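Here is the structure we will look at, set down as structure tokens.
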Amino acid sequence: MADEDRSPEEEFQELLRKMLGGAAGDIDPEQLSRLAGMQIDPAMMQTVMRHLQGAFTAGDEGISWDMAKRQALHIANQDGLSVTGGQRTDLDQAFALATLWLSEATTISDLPSPAVPLTRGGWVEATLPVWQELAEPVATSIADALTASLSEQAPEDMQGIVQGAGRLMRTVGGSLFASQLGQVVGELSKEVLSGGDVGIPLMPDGEAAILPQNFAGLGAELEIPDDQLALYIATRELAHARLFRHARWLRLHVISQVTDFARGLHVDTDALEDLASRFDPSDPDELRRALESGALLPARSEAQELALSRLENLLATIEGWVDVVTADATSRLPSAERIAEAVRRRRAVGGPAERALGSLVGLELRPRRMREAAAMWRAVTDAVGVPGRDDLWDYPDLMPSAEDIDDPSALVARLQARARGEQPETDEMDAALQRLLDGERGDGSEPPEGDRPV
């Protein structure tokens, strides 16, 4: 059939075949002009294809994390300043003194390598692998929803074409999300003071860092000398990094709880379809606003609320310990309490970029119960001392529970009894386990003598 004899619908199908076959660059502009019969704006269609051409060169995973990195670094480096020689010297001295003070406040050992000052771009480079791990479940959910939406809405006679669009739509959806994540991480690089400032283990294992460009503004706001602020932030950062290096299981514990929560997220298909019905690809601001606001993520399920509660308790337990250890280590610092209160408020409220991250992945990484957790750790320290307190990080099953944060008296009693060499009181679970180990029969009778454990 000659091109001029084709109907607008046939022209549109031919365009789709070329796009899905990776030949979007070979489309004749004259073909676009014939789409007017279908009320499709040729200029808009050309914009669509220009935005999608790069999708065919993406990897099989369909999510362009390189795009996220480029976006984040672009934002971080726009107003980013390099670390001066004077800042490097001052921070080296702050880290050295903080290391000495921490040796008196905790039994957890020092890091194998010295802490370093970082630029905003350096922080992005160091932490982006963890951001990718945390965000990938949500990005995959969005990409899957786009693919499903395309298949459900396409006419029956176009299903054959749509079947080849899966990778394309996954790439487009993943790339849109990755770009938005890159923007959020880039903005976050302007807010964070140190590697552990967000509360999760973003830095590589055993590494600690401070962003001097960011904490300078906080010092001016609080009217606190930079050397005191640097010393406090250095102490807190080292305590955070030491804890995650000592408790090797803790990093995986935190990351797995975050990713388990994220995997439970599903895109609101009704909101997505409503957005798609009026989406103009030449003006992506509406989609960007939908991602930023969290409009595509439905209300949390009951299981997710429970997962979020567990995560918040875990983060509060970590931050509470760091708070107590930092307070003890910086007790000689005149402005320590003022700085500590400013840091606590800052962590409780979060900055604009952190709130944007919460909207993007449906998760706010703020320890809402940090004060209660810090009070628990203080009670434990007063009762059994620093070694008894820090021993609780040796194994996951020793960690304080949410009930211990509510009321630490039972935890303190158990630890004091253990310090005296007394056996702890058994609960129902202990009794059931003992019956299993003893081989007790269901009717309560003792097992034969030969079957009894020695």
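Not measured: the values here are computed from a predicted model.
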| field | Beyond-backbone contact of Pro400 with Trp377, side-chain heavy atoms, under 4.5 angstrom | value | yes
| Salt-bridged, Asp205 to Arg245, with N to O below 4.0 Å? | no
| field | Smallest separation among heavy atoms of Val254 and Leu311, with atom names | value | O-CD1, 4.4 Å
| remark: All heavy atoms of Phe95 vs all of Ala209, minimum pair found to be CZ-C, 4.5 Å
| message | Quick one: does any side-chain atom of Gln257 pair with a main-chain N or O of Ala307 as donor and acceptor, under 3.5 Å? | response | no
| task | Check the surroundings of atom CD in Glu302: do more than 12 heavy atoms from other residues, nucleotides or ligands lie under 6.0 Å from it? | result | no
| Least distance between heavy atoms, Val83 atom then Pro212 atom | CG2-CG, 4.2 Å
| query | Can any side-chain N or O of Asp323 pair as donor or acceptor with the backbone N or O of Glu319 at less than 3.5 Å? | reply | no
| request: Kindly say whether Gln87 contributes a backbone atom to a donor-acceptor pair with the side chain of Thr84 at under 3.5 angstrom? | output: yes
| Other residues, nucleotides, ligands: >12 heavy atoms within 6.0 Å of Lys190 NZ | yes
| query | Between Ser189 and Asn214, which heavy-atom pair has the shortest distance, and what is it? | reply | O-ND2, 2.8 Å
| query | Quick one: does Gln93's side chain get under 4.5 Å of Thr89's, heavy atoms only? | reply | yes
| Are the side chains of Leu81 and Thr119 in touch, meaning some heavy atoms are under 4.5 Å apart? | no
| field | Student check: side-chain heavy atoms of Asp406 and Glu372 closer than 4.5 Å | value | no
| query | Between Glu237 (side chain) and Ser194 (backbone), is there a donor-acceptor pair under 3.5 Å? | reply | no
| Between the side chain of Thr106 and the main-chain N/O of Leu102, is any donor-acceptor distance below 3.5 Å? | no
| Residues Asp79 and Arg120 bridged, charged N to O under 4.0 Å | no
| query | Quick check: does any side chain N or O of Arg251 sit under 3.5 Å from a backbone N or O of Pro201, one acting as donor and the other as acceptor? | reply | yes
| field | Minimum side-chain heavy-atom gap Leu118-Met203 below 4.5 Å | value | yes
| request: Can you see which heavy atom on Met376 is nearest to which on Pro408, and at what distance? | output: CG-CB, 3.7 Å
| task | Check whether any side-chain heavy atom of Arg236 lies under 4.5 Å from a side-chain heavy atom of Thr330, and answer yes or no. | result | no
| query | Which heavy atom in Trp131 sits nearest to a heavy atom in Leu188, and how many Å separate them? | reply | CZ2-CD2, 3.5 Å
| Side chain of Ser309, backbone of Glu305: donor and acceptor closer than 3.5 Å? | no
| Sub-3.5 Å donor-acceptor pair from the side chain of Trp393 to the main-chain atoms of Phe244, do we have one? | no
| Is any side-chain heavy atom of Trp321 closer than 4.5 Å to a side-chain heavy atom of Thr381? | no
| Beyond-backbone contact of Leu238 with Trp101, side-chain heavy atoms, under 4.5 angstrom | no
